[in-house]
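As the structure is a computational prediction, the values presented were derived from the model and not from experiment. Computation of the quantities below employed the complete heavy-atom set of this structure, encompassing side-chain atoms and omitting hydrogens, waters and symmetry-equivalent molecules. Just so you know, ligand 1 is whichever comes first in the structure, and atom 1 is the first atom listed for that ligand.
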Amino acid sequence: MSANALAINDFAALDDEACDARIRAAKEKLGKDLVILGHHYQREEVFHHADFSGDSLKLSRQAAESGAKYIVFCGVHFMAEVADILSGPDQVAILPDLAAGCSMADMANLAKVERAWRELATVIDPDEAVTPVTYINSAADLKSFCGRHGGIVCTSSNAQRVLEWSFSQREKVLFFPDQHLGRNTGYGMGIPLDEMVEWDFDQPMGGLTEEQIRRARIILWKGFCSVHQMFRPEHIDAFKARYPDAKIISHPEASFEVCQKSDYVGSTEYIIKTIAEAEPNTRWLVGTELNLVNRLHEQHKAEGKDVHFMSPTVCMCSTMFRIDPQHLAWILENLVEGKVVNRVQVPEDEAEHARVALNRMLEVSA
Ligand code: 13P
Ligand code: SF4
C-alpha cells in the first residue's frame with residue numbers, strides 16, 4: 001500500500017448509509033477515470049454502485065473495452081485478474097477486498113495441473129491429444145498454462161462453443177476446475193457419461209486406469225462450487241409437488257442430477273434474461289446464488305412472477321459477500337487522493353499466455 005493511504009479501519013465502523021454517500025461523492029470526483037464492474041452475485045448495497053453489471057463473460061468483455069484508468073471489480077479475485085490481463089498497460093484493476101477469492105478456483109493449482117499433464121503423458125501424448133480448458137473461475141497461471149498448451153478459457157455462457165472449438169483442435173479435453181460445468185455441457189453435446197471421467201487430483205493418475213484415460217473424451221477435474229452443490233434434486237421434487245406448473249432454472253455449476261431435472265440451464269446472465277422474458281404470473285425455482293435470486297424476486301414481483309431460491313438453507317457465496325460498502329468507499333476515497341490500494345496485477349510473463357487463452361475464448365464466443 002502507498003505511504004499515507006487511508007486505512008480500512010477508518011471505514012470499518014461506518015454504516016452502510018454513510019458509505020453510500022461517500023461512494024457517490026468519490027465516484028463523482030473520479031468521473032471518467034473510474035469504472036465499477038459488478039457481478040450479479042454482489043450484495044445490493046454494492047451492486048447498485050456498479051456502472052456495468054454482468055456475468056463473467058460480459059464483465060470480461062467490459063473490462064477489455066473500458067478505457068477507464070481504474071477498473072474496480074466488485075466480484076472475486078479471478079475476475080479482477082481477468083480485468084488486469086485484458087485491459088491496457090496503463091489501466092489499473094482493483095479488488096475492494098483481496099480476500100474475496102473463489103473456493104472452486106482454489107481447487108486447481110498449477111502444480112497439480114502440471115502433474116496431471118505429466119501423468120497423462122505416461123499414457124497418451126497430451127500435447128497431441130488433449131485440449132486443456134479452464135473455466136474462467138481459475139487463477140491466472142492456469143489460464144497461462146492453457147495459453148501455452150493450445151488451450152482456452154470458458155465461462156458458463158460459452159462452454160459449449162468452447163468445447164466444440166476444443167474438439168476441433170484435439171480429440172480429448174482436460175476440463176478444470178469445475179466437474180459439473182464440464183459434465184453438464186459435455187452431456188448436452190451428446191457425450192455419454194462413461195466417456196467423461198473424473199480426475200481426482202489427490203490420487204496418482206487421477207485415480208484412473210490407462211483404459212479409462214484412453215477411452216475418455218473429457219477428463220473432468222474433481223472441483224465443484226460449494227454454493228451450487230447445495231442444490232439437490234429433492235428440492236426440485238418437493239417444489240414441483242407443491243407447484244406442478246413451476247419452471248425450474250439452474251446454473252450449470254449445479255450437479256448433473258439437478259440440471260437434468262431443470263427446465264432451463266445457463267449462466268447468471270441467461271437466468272436473468274429467461275425470467276425477464278417469461279410470461280407474467282409464472283412461478284420459478286432458481287438454482288443459483290441467493291443475492292441474485294432475491295434481486296430477481298424483487299424485480300419481477302410486480303408482474304406476478306414468483307421467484308424462489310432452490311435450497312431450504314440460506315447459502316450465499318461468502319467470498320462475493322466480502323465486498324462491502326466499507327471496502328468500496330475505502331478504495332474509492334484512496335483513488336480520489338491519488339492512492340491505489342488493492343491493485344490486482346498479473347505478472348506480464350503469465351499474463352501474456354493467459355491473454356492468448358482468453359482471446360481465443362472471446363473470438364470463439366463472439
Ligand atoms: P457466471 O459466469 O454465470 O456469472 O458465473 C460465475 C460464477 O462464479 C458462478 O458461480
Ligand atoms: Fe466461486 Fe461458487 Fe462463489 Fe461462484 S458462487 S464465485 S464458483 S464459490
Side-chain angles (χ1 to χ4, degrees), residues 37-43 46-47 50 52-63 73-83 95-109 133-139 142-143 153-162 175-182 184-185 221-231 249-255 258-259 262 264-275 286-296 309-311 313-323 344 358 361-362 365:
L37 306 182
H39 187 266
H40 295 306
Y41 292 167
Q42 288 294 297
R43 51 166 96 187
V46 167
F47 189 79
F52 298 98
S53 59
D55 65 358
S56 313
L57 180 63
K58 194 167 160 191
L59 292 177
S60 38
R61 285 212 178 97
Q62 205 63 56
F73 216 122
C74 296
V76 288
H77 195 266
F78 71 82
M79 297 179 179
E81 281 187 334
V82 170
L95 182 66
D97 184 344
L98 290 176
C102 163
S103 53
M104 176 219 279
D106 294 341
M107 289 177 190
N109 63 41
V133 179
T134 188
Y135 189 18
I136 198 164
N137 297 41
S138 58
L142 291 180
K143 296 182 176 82
V153 179
C154 78
T155 75
S156 54
S157 277
N158 58 21
Q160 175 158 348
R161 283 209 215 174
V162 166
F175 191 95
F176 45 88
D178 186 25
Q179 57 171 301
H180 299 299
L181 177 63
N184 287 323
T185 310
W221 200 259
K222 207 181 170 182
F224 59 88
C225 165
S226 46
V227 178
H228 289 83
Q229 187 137 303
M230 298 277 289
F231 306 125
I249 187 163
S250 299
H251 194 279
E253 286 174 18
S255 70
V258 165
C259 289
S262 299
Y264 307 90
V265 177
S267 72
T268 53
E269 201 65 31
Y270 171 85
I271 293 172
I272 292 166
K273 189 167 179 286
T274 306
I275 296 181
V286 186
T288 198
E289 208 266 348
L290 185 61
N291 279 294
L292 172 55
V293 180
N294 285 343
R295 188 174 310 122
L296 285 169
F309 184 58
M310 193 176 283
S311 169
T313 31
V314 172
C315 60
M316 298 195 199
C317 176
S318 56
T319 50
M320 285 274 185
F321 198 69
R322 292 193 78 102
I323 310 297
V344 172
L358 280 161
M361 171 190 84
L362 292 175
S365 53

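Side-chain contact, Ser56 with Thr155: no donor N or O sits under 3.5 Å from an acceptor N or O. Side chains of Glu289 and His40: no donor on one and acceptor on the other come within 3.5 Å. For the residue pair His39/Ser53, the side-chain donor-acceptor check at 3.5 Å is not satisfied.
Using cut-offs of 30° and 60° on the angle between ring planes, the pair Phe309 and Phe231 is perpendicular.
Near ligand 1, residues His39, Tyr41, Asp55, Ser56, Tyr135, Asn137, Ser156, His228, His251, Glu253, Ser267, Thr268 come within 4.0 angstrom through at least one heavy atom.
Protein N/O/S atoms closer than 2.8 Å to atom 2 (Fe) of ligand 2: Cys225 SG.
When each of Met107, Glu253, Met79, His77 is tested with Asn137 by the rule side-chain contact (heavy atoms from CB on, under 4.5 Å), just one qualifies, namely Glu253.
Proximity of a side-chain donor or acceptor of Ser267 to a complementary backbone N or O of Tyr270 within less than 3.5 Å is detected. The backbone N or O of Ser138 lies less than 3.5 Å from a partner atom in the side chain of Lys143, making a donor-acceptor pair.
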Table please: side-chain donor-acceptor pairs of residues 95-105 below 3.5 Å, with sequence neighbours left out.
residue	atom	partner	partner atom	Å
Asp97	OD1	Ala99	N	2.9
Asp97	OD2	Arg322	NE	3.3

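A search for side-chain contact (heavy atoms from CB on, under 4.5 Å) contacts involving Leu37 returns Val35, Phe52, Leu59, Gln62, Ala63, Ile71, Phe73, not counting sequence neighbours.
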